[in-house]
Amino acid sequence: MRILFMGTPDFAVCSLAALLDAGMDVCGVFTQPDKPAGRGMALAAPPVKALALSRGVPVFQPPKLRDGTALALIRELAPQLIAVVAYGRILPKEILEFPALGCVNIHASLLPKYRGAAPIQWAIARGETETGVTAQYMAEELDAGDIILSAKTPVGADETASELHDRLKELGAAALIDAVRLIGRGTAARTPQDADAATFAPILKKEDGVIDVSRPAREVYNRIRGFTLWPGAALNGLRVWKAGLVTEGIVDNTCIVCGDGGAVRLIEVQPPGGKRMGIDAYLRGHKL
RNA sequence: CGCGGGGUAGAGCAGUCCGGUAGCUCGUCGGGCUCAUAACCCGGAGGUCAGGGGUUCAAAUCCCCUCCCCGCAA
């Protein structure tokens, strides 16, 4: 089966590697164009590109998907199936309809919950105790496709979005392999989503990381866990990298009291312009 | 040359604008006090002020160059 893979960040690398390791015929990789990134704003290649190049898979970085050139390219590659994992772009209808076996996507939530760009962060921030990954046939509407299969996993009470991300990328890669095999055999399920049960996980902006400490401690803590990786959790102007919920014990000067009287203990922080450090180091030269 | 912040004792910072004795908190070492200490009191050690050049009677501070760290963008 000829497969065209589309993906961009680290999360997708895992899935591409799984396809290649499973000996599947990946005829090409679509990934986002190199973009200025980091200090100096030098052009940086997406993680997926690096892996594809090292494995000798042809890489394509079309700047536009709707001007016809991308479709022409896909015709040339002639994939029977397109596998999309965190590509970061909406595929136009003519591309979705091209492959004979369809387009399969791995989404990092239990659809129809948390449709959108940031399902992992929002699942944590909302205090979910269970989440997972879903393999879906892609529809025009974002993350609204028919479900092939899903895999659940419990969310640890203190788990961060970063930790969950690393677990789900593995789970997602396994789900992709399973889905592709089912599709190959022609036995893949096609269960429509319950649209009424859909919830959304909109892309996070910088200001979403600014956390209102007048909210209940539990909620503040969940948002810290959810937003640490991106866009970054900020309490009173201080970037928080690691924190804990004070369930019992003393509220000391490393804690911030929240709106409901509960408190969050800061463990690792980063002042503006500085590097991250333990709260004890921070308190030697600053006050909370 | 994309923009900005930063580098001062083991750690975290002030001092830099406006040049004139190297400071604070914590740690560390020694002593004291205490039934006791992660408490309190007294004392000490520890600095190439990132590096180089320049201006000056005098530079952490002003000027130029280099190195390193952090943020902005995703």
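Keep in mind that the numbers below use all heavy atoms, side chains included, and drop hydrogens, waters and symmetry copies. Numbered from 1 within each chain, the chains take letters A, B, ... in sequence-line order.
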Nucleotide by nucleotide, nucleotides 10-15 of chain B touches protein heavy atoms under 4.0 Å in the pattern (B base, S sugar-phosphate only, - none) -BBS--

How far, in whole Å, is [M] from [N] if one measures between their [atom1] atoms?
| N | M | atom1 | answer |
| --- | --- | --- | --- |
| A38(B) | C29(B) | P | 13 Å |
| G47(B) | A11(B) | C1' | 15 Å |
| A50(B) | U16(B) | C1' | 16 Å |
| G4(B) | U8(B) | P | 22 Å |
| G46(B) | C41(B) | P | 24 Å |
| G43(B) | A36(B) | P | 23 Å |
| U37(B) | G31(B) | P | 14 Å |
| C13(B) | A22(B) | P | 23 Å |

Going from SG on Cys103(A) to CG on Leu91(A), what distance comes out if it is rounded to the nearest 0.5 angstrom?
-> 6.0 Å

Spatial distance of atom NZ (Lys113(A)) from atom OG1 (Thr134(A)) [nearest 0.5 Å] = 11.5 Å

Find the distance [X]:[atom1] to [N]:[atom2] and express it as a whole number of Å.
| X | N | atom1 | atom2 | answer |
| --- | --- | --- | --- | --- |
| Arg39(A) | G5(B) | CZ | P | 14 Å |
| Asn253(A) | U25(B) | CG | C1' | 12 Å |
| Trp230(A) | G71(B) | CH2 | P | 12 Å |
| Leu238(A) | C70(B) | CG | P | 17 Å |
| Asp252(A) | C26(B) | CG | P | 16 Å |
| Asp208(A) | A74(B) | CG | C1' | 15 Å |
| Ile279(A) | C26(B) | CD1 | P | 16 Å |

Assess Arg223(A) against Tyr221(A): is NZ or CZ under 6.0 Å from the centre of the six-membered ring, and within 45 degrees of the ring's axis?
-> no

If pairing requires Watson-Crick or G-U wobble contacts with both distances under 3.5 Å, which nucleotide is the partner of [N]?
| N | value |
| --- | --- |
| C67(B) | G7(B) |
| G2(B) | C72(B) |
| U56(B) | none |
| G12(B) | C24(B) |
| C17(B) | none |

Parallel, tilted or perpendicular, as decided by the 30° and 60° cut-offs, for the rings of Phe30(A) and Tyr87(A) | tilted

Is there a donor-acceptor pair under 3.5 Å between the side chain of Asp143(A) and the backbone N or O of Gly116(A)?
-> yes

Donor-acceptor pair, side chain of Gln136(A) and main chain of Ile147(A), under 3.5 angstrom | no

Does the side chain of Thr31(A) reach to within under 4.5 Å of the side chain of Phe5(A), using non-hydrogen atoms?
-> no

Partner set under side chain to side chain donor-acceptor pair (under 3.5 Å) for Asp146(A), not counting sequence neighbours | Arg190(A)

Identify whether any heavy atom of Arg239(A) sits under 4.0 Å from a base atom; if not, whether one sits that close to sugar-phosphate; answer base, sugar-phosphate or nothing.
-> nothing

Classify the nucleic acid contact of Gly38(A) as base, sugar-phosphate or nothing, counting any heavy atom under 4.0 Å across all strands shown.
-> base

Could you give me the CA-CA distance, side-chain angles and deciding distance for Thr199(A) and Trp122(A), then say whether side chain to side chain contact (heavy atoms under 4.5 Å, CB included) is met?
-> CA-CA 10 Å; Thr199(A) 62; Trp122(A) 282 113; over 6 Å; no

Whichever of Ala42(A) and Trp241(A) has the more 5' nearest nucleotide on RNA chain B, that residue is Ala42(A)

Contact under 4.0 Å: Gln32(A) side-chain N or O vs A74(B) OP1/OP2 = no

